[in-house]
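In what follows, chains carry the letters A, B, and so on, assigned in the order in which the sequence lines appear, proteins first and then strands, with residues in each chain numbered from 1. Computation of the quantities below employed the complete heavy-atom set of this structure, encompassing side-chain atoms and omitting hydrogens, waters and symmetry-equivalent molecules.
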2 protein chains.
Amino acid sequence: MDEQERMEQGTGETLHPDLISSVNQDMPDEEMLYDLAELFRIFGDSTRIKILYVLFEAEMCVCDIAELLRMTQSAISHQLRVLKQSKLVKFRREGKTIYYSLADDHVRTIIGMGMEHLCE
Amino acid sequence: MDEQERMEQGTGETLHPDLISSVNQDMPDEEMLYDLAELFRIFGDSTRIKILYVLFEAEMCVCDIAELLRMTQSAISHQLRVLKQSKLVKFRREGKTIYYSLADDHVRTIIGMGMEHLCE
DNA sequence: ATAACATATGAACAGATGTTCAAATGAAAG
DNA sequence: CTTTCATTTGAACATCTGTTCATATGTTAT
C-alpha cells in the first residue's frame, strides 16, 4: 500500500476526514435546505402540478379547474390553499367567484427545468 | 327543467365552458405531468436535498455522507437508492467503497432555480 | 329576510413516506 | 475459509399527505 492509498483510505475513524470537514464548512444552513425541500415538495404532487400547468394558460376560478381536472371542487380548493401559502399562486375576487393565477414567472421556469430533465 | 333554462347556462353546468375546452386541448398528457410531479417529489425531502447538495462539491461514499449529515448509513443508503432510480446520481465501485456523484448538471440547475425563488 | 351559488374548512380515513433495526450481500485481507 | 468493512435490503413503525364528506363562510339576487 503506497502513500496515496493510505491517504485515501484513512486510518480507521472516517474514510475521508479531510473531505468531510471541508464540505462541512461550505454547507448552507439547515433551515435554508429545509425550505428548499419544502418548495420542491409543493411541486411534487400531480394535482398541484396540473393546477399550475392549467394556470399557465389563463387565470381561472376553482370550479373551472375542478372540471378541467375532473376532481371535486373541495380537493382543488385544498390544494389551492397549499399553493397560496407557498406564494406560488395569487387570487382576486370578482363577486362570488375567485380567480386564481400564477404568482410569478419562477413557477414557469422551475417547471420548465423539470420538463427539460425529463426529455432526455 | 325545460329547454330554455338549459340554453341559458343558468343550470349549474359550467362557469366558463369555452375556456375549459380551449385549455383542455393544450394539456400535455397525464403521464408526463405525473412524471414531472414525481421528479419534483424526489427533491422534496430535506435528506435528499442535503445529499445532492453535498455531492455538488465532490463525489463521496455512503459513510462520508452519513457522517456529514449525522444520519445512519442505512437511511442514507435508502435515499441514495431513490436518487439512483431517478437518475439523479450515479456511482462507481472502488474496492469495498462505492462513490456517488451527481448524474448531470440538471440537478444543479433545478436546485439553483429553487434557491432563486426562495431569495426574494 | 331567504335562496342560490362559489368557495373554504375541519375531521376522518386510506395510502404513501422516511427512519430504524436486524440481517444479508459483496469485496478485500489475513 | 473466515473476518472485517462498506453497503444494501426488507420489515416494522410512526408520521405525513391527499381526498372525501359534511358543513360553514361569504356574495349576489330575489
Look at the rings of H117(B) and H106(A) and say which category their plane angle falls in: under 30° parallel, 30 to 60° tilted, over 60° perpendicular. perpendicular
Can you tell me if R81(B) touches the phosphate of dT9(D), counting only side-chain N or O atoms and a distance under 4.0 Å to OP1 or OP2? yes
Protein-nucleotide distance (F40(B), atom CZ; dT17(D), atom C1'), rounded to Å: 19 Å
Would you mind writing out the side-chain donor-acceptor pairs for residues 51-62 of chain B within the sub-3.5 Å range, not counting sequence neighbours?
residue, atom, partner, partner atom, Å
E59(B), OE1, R92(B), NE, 3.1
E59(B), OE2, R92(B), NE, 3.3
E59(B), OE2, R92(B), NH2, 2.4

Separation of D64(A) atom CG from dA6(C) atom P, in whole Å? 10 Å
Could you tell me whether S77(B) contacts a base, only the sugar-phosphate backbone, or nothing, with contacts defined as non-hydrogen atoms closer than 4.0 Å? base
Can you sort out the partners of Q73(A) under side-chain hydrogen bond (donor to acceptor under 3.5 Å, both in side chains), two or more places apart, ordered by chain and number? none
To the nearest angstrom, how far is E67(B) atom CD from dC5(D) atom C1'? 16 Å
When you check the phosphate oxygens OP1 and OP2 of dT8(D), does a side-chain N or O of Y100(B) lie under 4.0 Å from one of them? yes
Is the positively charged end of K84(B) above the ring of F91(B), judged by distance under 6.0 angstrom from the centroid and angle within 45° of the axis? yes
To the nearest angstrom, the NE2-P distance between H16(B) and dC5(C) comes to 16 Å
Treating primed atoms plus P, OP1 and OP2 as sugar-phosphate and everything else as base, which nucleotides of nucleotides 25-30 of chain D get B, S or - for protein heavy atoms under 4.0 Å? --BS--
For residues 29-40 of chain A, dump all side-chain donor-acceptor pairs below 3.5 Å to protein atoms at least two apart in sequence or in another chain.
residue, atom, partner, partner atom, Å
E30(A), OE2, K50(B), NZ, 2.7

Sequence neighbours excluded, the answer for side-chain hydrogen bond (donor to acceptor under 3.5 Å, both in side chains) partners of R108(A) is D105(A)
Would you check if the side chain of R41(B) reaches a backbone N or O of F43(B) as a donor-acceptor pair within less than 3.5 Å? no
Quick one: does T97(A)'s side chain have a donor or acceptor within less than 3.5 Å of a partner on R93(A)'s backbone? no
Please report the distance, rounded to the nearest Å, between CD1 in I98(B) and P in dG26(C). 11 Å
What string of B, S and - do you get for nucleotides 17-23 of chain C, 5' to 3', if B is base contact, S is sugar-phosphate-only contact and - is no contact with any protein heavy atom under 4.0 Å? SSSBB--
